[in-house]
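Bear in mind that the values here come from a model prediction, so they are computed numbers and not experimental data. Lettering follows sequence order; numbering is per chain, from 1.
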Protein chains: 2
Amino acid sequence: MPQMPEQNELTPPKDGRLARGEATKDRVLDAAERCFAAHGFATVTIRQIAREAGVTLGVVSFHGGSKEELFATVLARRTATLNALRTDALKALQARGGITIRDLVDAYLTPYLEIASRGDPQWRAYAQLIARIVSDDQYYMQVRDLYDPVAQDFIAEMRRIYPDASAKAVATVLTLTVASMLSIVASRVRIAGLSGEPASESALDYRLTLVDFCTGGIEQALAAP
Amino acid sequence: MPQMPEQNELTPPKDGRLARGEATKDRVLDAAERCFAAHGFATVTIRQIAREAGVTLGVVSFHGGSKEELFATVLARRTATLNALRTDALKALQARGGITIRDLVDAYLTPYLEIASRGDPQWRAYAQLIARIVSDDQYYMQVRDLYDPVAQDFIAEMRRIYPDASAKAVATVLTLTVASMLSIVASRVRIAGLSGEPASESALDYRLTLVDFCTGGIEQALAAP
DNA sequence: AAACTATCTGAACGTCCGTATAAAAAGTCA
DNA sequence: TGACTTTTTATACGGACGTTCAGATAGTTT
C-alpha cells in the first residue's frame with residue numbers, strides 16, 4: 001500500500017493533491033470492482049484494471065497495493081453499507097415484534113436485490129462480485145469476516161422461531177437461502193435460457209418468487225418432524 | 001488434439017501402445033479433473049496437472065490438447081452418466097404415475113448428491129467441478145449443451161403439475177433448486193462455520209433438509225395466487 | 001531384423017504476468 | 001521563487017505461463 005493519505009475529519013482544508021489522489025484512487029477501485037465482478041480474481045490482470053480506469057500501470061499499485069490487497073479492499077469497501085441495510089431491517093422487525101420467517105427472509109434478501117438492481121453500475125458490480133465469492137468456499141475466510149456476523153444475527157432470530165431445530169439445520173437452510181439469492185444474480189442467463197424468455201433487467205423482478213421459495217423451503221425444512 | 005487413437009468395438013485385439021496411451025490419457029484427465037475442481041480453470045496450470053498426473057509437460061498436451069479442450073473434455077466425460085441417472089429416475093416416476101413435486105426434486109437432486117458422496121475421489125471432484133461452473137453464467141454455453149436438455153424434461157413434468165405457473169417462474173424455481181443443491185457441495189465449509197459444528201463428510205447427510213427446502217420452496221412459489 | 005507407428009522426453013519459444021523504481025510532473029507552502 | 005510532498009509516467013526485471021517440436025523410446029507388424 002502507498003503512503004495512504006489520510007483525510008482527517010478535523011482538517012477540512014484539503015490539499016489539492018490529496019483530493020486528486022483520492023479521485024483517481026476511486027477510479028482505480030471502481031475499475032477493479034467491475035473487472036473482478038465480470039471475470040473473477042485470477043483472470044483479471046492489473047493491466048486490464050489500469051486500462052479500464054484510464055490510468056497507467058504504476059498507478060494501480062500506487063493506490064491499490066498488491067493485487068490481493070486491491071481485491072480485499074474492493075470486497076470490504078461496500079460491506080458496511082450492505083450490512084447496515086440488513087441490520088436496520090432486522091432491528092425494525094425486532095422493534096415491531098411478531099416476526100415471521102417470511103419477514104426474516106425478506107429482510108435478508110431485499111437489500112441485496114436492491115443493490116443488484118440499482119442504477120449505479122458499481123453497486124451492481126459489487127453484487128455480482130459477492131455472488132462470485134460467497135458461493136465459493138475458497139474465499140470463506142474473507143466471507144466469514146465480512147458477512148457472517150450479520151448472518152449470525154438472523155440465525156439467532158430464526159432459532160427463536162424454530163427452537164427445536166438443530167443448529168446445523170438452521171445454518172444449512174440459511175446457506176441454501178443465500179445460494180438461491182446469489183443465483184438470481186449469477187445465473188440469470190440460465191434462467192432465461194431455460195424459460196425461453198429474455199432475462200429480466202432487474203433482480204427485483206424475482207423478489208416475490210425468491211422470497212416465496214426461501215420462505216416455503218425454510219418452513220418445510222425446519223417444521224417439526 | 002493428438003492422433004486420437006480410436007478404440008473400435010469390433011476390433012478387440014488391442015494394440016499394446018494404444019492401451020498404454022489410453023491409460024496415461026485417463027491419468028491426465030483424472031488429474032485435470034481434480035485440479036480444475038479444486039482451484040478453477042484460470043488458476044490451474046498445465047504444469048500442475050502434469051505433476052499431479054505424474055507425467056511430463058508435453059504429455060498433457062499430447063493427450064489433452066489445449067487447456068480449453070482439456071477442460072471441455074473433463075466436463076463432458078461424465079455428463080452422460082449423470083444425465084442417465086436423472087433420466088432413469090424420471091422415467092421410473094413416469095412409469096409409476098402420480099408424480100409429486102417432491103418426487104421430481106428427489107429424482108433430480110439425489111443422483112448428484114450420490115456422486116458427490118461416492119468413495120471414488122474422481123466422481124467427487126467432478127461434482128465439485130460442476131458446482132463451480134453451473135453457478136457461473138460465464139460457462140453457460142457449455143452448461144446449456146451438457147445439462148439443460150435433461151433439465152427441460154424435469155421442467156416439462158413440473159409444468160404438468162403446475163399448469164398455471166408461468167414459464168419463467170418454473171425456470172426460476174428450478175434454477176434456485178439447482179443453486180441450493182450445488183451449495184451443499186460448494187459451501188459446506190460455510191455451513192460448518194455458521195453452525196459451529198464440523199462439516200459432514202457426506203453430501204447425502206444434507207439430502208433430507210435439501211429436498212424439504214426445495215420441495216417446500218417450489219410449492220410455495222408456484223402455488224396459485 | 002528392419003520398417004513403422006504410437007508414446008514420451010526434454011528443452012525451448014514468445015508472451016504476458018505482478019511488481020519495483022528512477023525520474024518527471026503537478027501542486028503546496030514558505 | 002525555491003524547497004518540499006504527492007502523484008504520475010515510463011521502463012525494466014525475473015518468473016511463470018501455454019504451446020511447440022525434434023528426437024529418444026517402446027511396442028507392433030512384416
Side-chain angles (χ1 to χ4, degrees), chain A residues 1-8 11-33 35-36 38-74, chain B residues 1-8 11-33 35-36 38-74:
Chain A
M1 277 296 201
Q3 292 79 331
M4 269 301 173
E6 294 278 343
Q7 174 73 354
N8 192 335
T11 57
K14 11 184 150 179
D15 189 327
R17 292 169 300 180
L18 300 186
R20 181 163 57 96
E22 283 296 305
T24 60
K25 177 170 182 174
D26 286 346
R27 291 235 312 287
V28 168
L29 293 180
D30 285 352
E33 190 169 54
C35 289
F36 286 141
H39 309 109
F41 178 79
T43 307
V44 170
T45 73
I46 306 281
R47 286 168 174 83
Q48 275 177 42
I49 295 172
R51 202 179 320 130
E52 177 81 14
V55 300
T56 53
L57 187 60
V59 176
V60 177
S61 299
F62 180 76
H63 286 295
S66 74
K67 190 182 180 186
E68 297 213 357
E69 286 169 332
L70 179 57
F71 187 70
T73 302
V74 166
Chain B
M1 277 298 197
Q3 293 78 332
M4 268 301 172
E6 294 279 343
Q7 175 72 357
N8 192 335
T11 56
K14 8 185 152 183
D15 189 327
R17 292 170 299 179
L18 301 185
R20 179 164 58 97
E22 283 295 305
T24 61
K25 178 171 183 175
D26 286 346
R27 291 236 310 287
V28 168
L29 292 179
D30 286 352
E33 190 169 54
C35 290
F36 285 140
H39 309 109
F41 177 80
T43 308
V44 171
T45 72
I46 306 281
R47 285 168 174 82
Q48 276 178 40
I49 296 173
R51 203 179 320 128
E52 177 80 14
V55 300
T56 53
L57 188 59
V59 175
V60 177
S61 301
F62 181 75
H63 285 295
S66 75
K67 191 181 179 184
E68 297 213 358
E69 286 169 332
L70 179 58
F71 187 70
T73 302
V74 166

5′-ward residue of the pair A/Gln48/A/Gly58 relative to DNA chain C: A/Gln48

Sugar-phosphate only, base, or nothing, as touched by A/Val44 at under 4.0 Å among non-hydrogen atoms: sugar-phosphate

Distance test, side-chain N/O of A/Thr24 to OP1/OP2 of D/dT8, below 4.0 Å: yes

First of A/Thr56 and A/Arg47 reached from the 5' end of DNA chain D, by closest nucleotide: A/Thr56

A/Leu57 side chain, from C-beta outward: closest of D/dG18, D/dA12, C/dT7: D/dA12

C/dC8 phosphate, OP1 or OP2, under 4.0 Å from B/His63 side-chain N/O: yes

Integer-rounded Å distance: D/dT6 C1' and A/Lys25 NZ: 14 Å

Inter-residue atom distance B/Cys35.SG - B/Gln48.CD, 0.5 Å rounding: 5.5 Å

For atom CZ of B/Phe71 and atom C1' of D/dG18, their distance in whole Å: 16 Å

Interatomic distance, A/Glu22 CD vs C/dA26 C1' [rounded to whole Å]: 17 Å

Nearest-angstrom distance from the residue atom NZ of A/Lys67 to C1' of C/dC17: 8 Å

Rounded distance (Å) that lies between atom C1' of D/dG23 and atom CZ of B/Phe62: 14 Å

Parallel, tilted or perpendicular: rings of B/Phe71 and B/Phe36 (30°, 60°): perpendicular

Separation of D/dC17 P from B/Glu68 CD (nearest whole Å): 17 Å

CG on B/Leu57 to CZ on B/Arg51, rounded to 0.5 Å: 10.5 Å

B/Arg51 CZ to D/dG18 C1', straight-line distance once rounded to whole Å: 15 Å

Side chain of A/Ser66 - closest among D/dT9, C/dG18, C/dT19: C/dT19

Distance in Å, A/Leu29 CG paired with A/Thr24 OG1, rounded so as to fall on 0.5 Å steps: 9.5 Å

Listed nucleotide nearest any side-chain atom of B/Ser61, set D/dT8, D/dT20, D/dT11: D/dT20

Between OG on residue B/Ser66 and CD1 on residue B/Ile46, distance to nearest 0.5 Å: 8.0 Å

